[in-house]
Amino acid sequence: MEINVASFCNLTSDHRIRKSNLPGFSCSSIGAKTGNRIKIKSFCGLDLFATRNVRSCVVVRCSSYQENCLRPKPRPKPKPIVEHVDRGSNLNDTNSASPDSSAVFDHIEKLVFFKRYGEALELFEILRSRGCLVAVRASTYDSLVSACIGVGSVREVKTVFQHMIETGFEFDQYMRNRVIVMHLKCGMTVDARHLFDDMPDRNVVSWSIMISGLVEVGSYEEAFNLFLLMWGEVSDASPRMFATIIRATAGLGFILAGRQFHSCVIKMGFYKNIFISCALIDMYSKCGCIEEAQWVFDEMPEKTVVGWNTIMAGYALHGYSEKALDMYYEMCSANVQMDHFTYSIIFRICARLGSLEHAKQAHAGLVRNGFGLDIVANTALVDLYCKWGRMEDARNVFEKMPRRNLLSWNALIGGYGNHGMGIEAVRMYEKMLEEGMAPDHVTFLAVLGACNYSGLLDKGREIFEMMSRNPSTRPRAMHYACMIELFGREGLLDEAYALIKNAPFSPTKNMWAALLTACRIHKNLELGKFAAEQLFGLGPEKLSNYIVLLNIYNSSGRVDEAAKVVEALKRRGIRLLPACSWIEIKKQPHKFLFGDKSHPQSLKIYEKLDSLMSEIVQLGYVPDWKSLLPDVAEHEQKMLTYHSEKLAIAFGIISTPDFTPLQVVQGHRICSDCHTVIEFLTLITKREIVVRDASRFHHFRCGSCSCGDYW
DNA sequence: GTAGGGTTAG
């Protein structure tokens, strides 16, 4: 019997050679004929072959295992229990396996050592399914656990764990902790929690593993509660634990606790710990205290690349994209070695600013620094092109990526969706399924969003129903919100409301907000008010929700309620950032605020805008004073004519030749008056105008918009 | 002597 275990033992890859450049290792080359099939090992009646075409194999020798596994002769003698450190009690299992088994255990461990997890698990699986493995020694299980973590597969985790249980493996505390980590890293949080709860005794590591595992999957509340529980039991006050719990407070936006932990770490003398500093920067910026984040960053004794990344991401998060870009150039001059995260952050900032020039420079830097094929940075690049509306370029980068992961697919599908190319989005989604990539909730959100933006009611319904049938993809609140929007868009308000009523959980803010938007579009004031009240009862949280509420109260003359909303905004310390639009002309970004007269060509811009406005009035434009949507302060609404996007477009028109397409980026949602005006403008100027607002793309052409007047 | 920490593309 021959089994083709591909590239079983040829350790040829370059990076592995470099990695093996450690004390106790030496590298040497031996020749091997192309296409040779080399018998590696006989085990339990099976002959294992390496059949990979190898021109020059590098054999890595390590002091702990001296045998050359590529040489078929002489056959490796069955070794006694290896030179590995014994784990005491758990090694009795070797009695039940053949003497050869220890050599195979060695191989599994070796494969894992060289990060060849898939092969290690494959070998384990072959042996296990043939009943060759009665029991496995502890160090091999340890390697198998690493392999499971490496491949992140639920199925493998179950197999390995099941095998441990069935063969009566005796877990020590170390292995219990490892098994919990294995479950956590493979997304099996609930199982991990059960294992944790059933532990006979828990040490600080057990708590730490469980808490950080919960933080990792975003269960911040559970993590925080567990931390409090732990505090009563073991009181782990290590820098690691602080870094973890600060991350949880960041996730919860729990600034009070965050500040307390900050004072704790200062008192305990951990304030110079870079992990804690980074966690604090992240915590402050996620809680909206960017000045304090900057302060922590300034105090960092050694500014690591993670520190820079975190503070830049913080500025970007709060819309201070230009400040973030400044930080990037500061980082460049500080000669900090950037990593792929840096580039992904910078691409995100460029995407926001709509700045082609900076992005090009960053792209060059990315390639120069050897991240040209990096999956993270390239996905950010796909996202960047999507956000510019340059879908061909996005597709191009995507197609050239050597590997794609879930996020790459999600970025592209989302891009097509946001750009009103719903059919293409659905096609990519189906292609993704064909290629065996499992969609996650973000994918579903992207594809449902695409159906929503393009009015693909039947497709959306089909996907939503498919999700509902499968327990592992049960729609979450955001998918419901998406479907409510889709129904709302098609005027099926009853169906939308039914979805809220029949949801298996209590309706969320987003669901009510989606219904509210639908009511606004279809002018169903009664249901709209009801939705608004429900929303307000839940505390709208997001600025845009407050604004929609504010507007719906204002427009229905409920001044008192409107005042309450403003009061709530003030109480929560939410600032209304001035609405702002950018346009890039001749590689130079130009920024406009509403009623902005700071631009050197201000006079010309206003003249042009006024003349355009009177031109469109001739065509039947009526100002929409009761517009309900813009995410901008009330006093700004009253100056409809001089909204930043109108100024940016007027500037674009006077600065470019006739018929040149224009591209505007803005941080707030476009208001319906601007939307109407731009539709008219494309008619009189014969230009295409693309506006990217806070939620999506508006592709204006010949008097209409890709969003179908629904956003 | 082992296991656990910060940023992270949608």
Side-chain angles (χ1 to χ4, degrees), chain A residues 84-88 138-139 142-143 145-146 149 172-182 184-185 202-216 236 238-248 250 270 273-283 285-286 293 296-297 300 304-314 316-317 338-349 351 371 374-387 397-398 401 404-415 417-418 439-447 449 478:
Chain A
H84 276 88
V85 184
D86 282 2
R87 288 251 166 71
S139 59
D142 197 32
S143 294
V145 166
S146 300
I149 295 171
D172 57 5
Q173 186 160 54
Y174 167 81
M175 277 311 279
R176 274 182 219 281
N177 285 344
R178 288 281 282 155
V179 162
I180 293 178
V181 173
M182 169 171 81
L184 284 169
K185 298 261 168 160
R202 292 177 278 247
N203 62 7
V204 281
V205 178
S206 327
W207 286 96
S208 172
I209 289 163
M210 196 61 225
I211 294 172
S212 56
L214 289 168
V215 170
E216 198 60 47
D236 178 10
S238 63
R240 272 164 191 254
M241 184 42 87
F242 275 114
T244 305
I245 201 62
I246 289 169
R247 222 177 132 195
F270 297 148
N273 179 302
I274 50 163
F275 293 110
I276 292 184
S277 300
C278 293
L280 282 170
I281 296 171
D282 185 47
M283 187 272 294
S285 66
K286 288 215 172 104
V296 176
F297 177 73
M300 271 179 92
T304 60
V305 60
V306 179
W308 282 98
N309 290 350
T310 316
I311 189 75
M312 285 195 321
L317 181 71
M338 299 177 186
D339 64 4
H340 52 295
F341 285 123
T342 317
Y343 289 104
S344 69
I345 294 165
I346 214 70
F347 287 145
R348 208 171 69 210
I349 293 164
F371 297 117
D374 180 81
I375 196 163
V376 174
N378 271 297
T379 303
L381 205 53
V382 169
D383 186 45
L384 171 80
Y385 282 124
C386 287
K387 294 219 162 95
V397 173
F398 181 83
M401 284 169 73
R404 299 167 197 129
N405 62 12
L406 185 60
L407 280 95
S408 326
W409 284 98
N410 288 353
L412 192 68
I413 295 171
N418 287 333
D440 72 345
H441 64 280
V442 181
T443 321
F444 286 121
L445 197 63
V447 71
M478 50 194 167

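Order of the sequence lines sets the chain letters (A, B, ...), proteins ahead of strands, with each chain counted from 1. Keep in mind the model is a prediction, meaning the values are calculated, not measured.
Closest non-hydrogen pair, A:Ser206 versus A:Asn177, comes out as OG-OD1, 2.9 Å. Across A:Tyr385 and A:Val397, no two heavy atoms sit closer than the pair CE1-CG2, 3.7 Å.
Ring pair A:Phe297/A:Trp308 is perpendicular by interplanar angle, where above 60° counts as perpendicular and below 30° as parallel.
Residue contacts shown for A:Thr342 are absent, as no nucleic acid heavy atom lies under 4.0 Å away. A:Thr310 comes within contact range of the sugar-phosphate backbone alone, with a heavy-atom separation under 4.0 Å but no base atom that close. Using a 4.0 Å heavy-atom criterion, one finds that A:Asn203 contacts the bases of the nucleic acid, with or without backbone contacts as well. Within 4.0 Å (heavy atoms only), A:Asn177 reaches at least one base atom of the nucleic acid. Using a 4.0 Å heavy-atom cutoff across all strands shown, A:Leu407 reaches at least one base atom of the nucleic acid.
For A:Phe398 and B:dA9, the CZ to C1' distance is 13 Å, given to the nearest whole Å. Atom NZ in A:Lys185 sits roughly 10 Å away from atom C1' in B:dA3 (whole-Å rounding).
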Would A:Asp383 and A:Arg348 satisfy salt bridge (Lys or Arg N to Asp or Glu O under 4.0 Å), going step by step from the backbone distance to the final call? CA-CA 8 Å; A:Asp383 186 45; A:Arg348 208 171 69 210; over 6 Å; no
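Of all nucleotides listed (B:dG4, B:dT8, B:dA9), B:dA9 comes nearest to the side chain of A:Ala380. Looking at the side chain of A:Asp383, the nearest of the listed nucleotides B:dT8, B:dA9, B:dG4 is B:dA9. Among the nucleotides B:dT8, B:dG5, B:dG4, the one closest to any side-chain atom of A:Asn273 is B:dG5. In this structure, of B:dA3, B:dT7, B:dG5, it is B:dA3 that holds the atom nearest to the side chain of A:Arg178. Side-chain atoms of A:Asp282 lie closest to B:dT8 of the nucleotides B:dG5, B:dT8, B:dA9. Taking every side-chain heavy atom of A:Thr379 into account, B:dA9 is the closest of B:dA9, B:dG4, B:dG5. Distances from the side chain of A:Asp339 to the nucleotides B:dG5, B:dT7, B:dA3 place B:dT7 closest.
Look at A:Arg348 and you'll find a side-chain N or O under 4.0 angstrom from OP1 or OP2 of B:dA9.
Side chains of A:Asp440 and A:Thr443: a donor-acceptor N/O pair is present below 3.5 angstrom, by distance only.
Residue-to-nucleotide contacts include a donor-acceptor pair under 3.5 Å from the side chain of A:Asn405 to the base of B:dA9.
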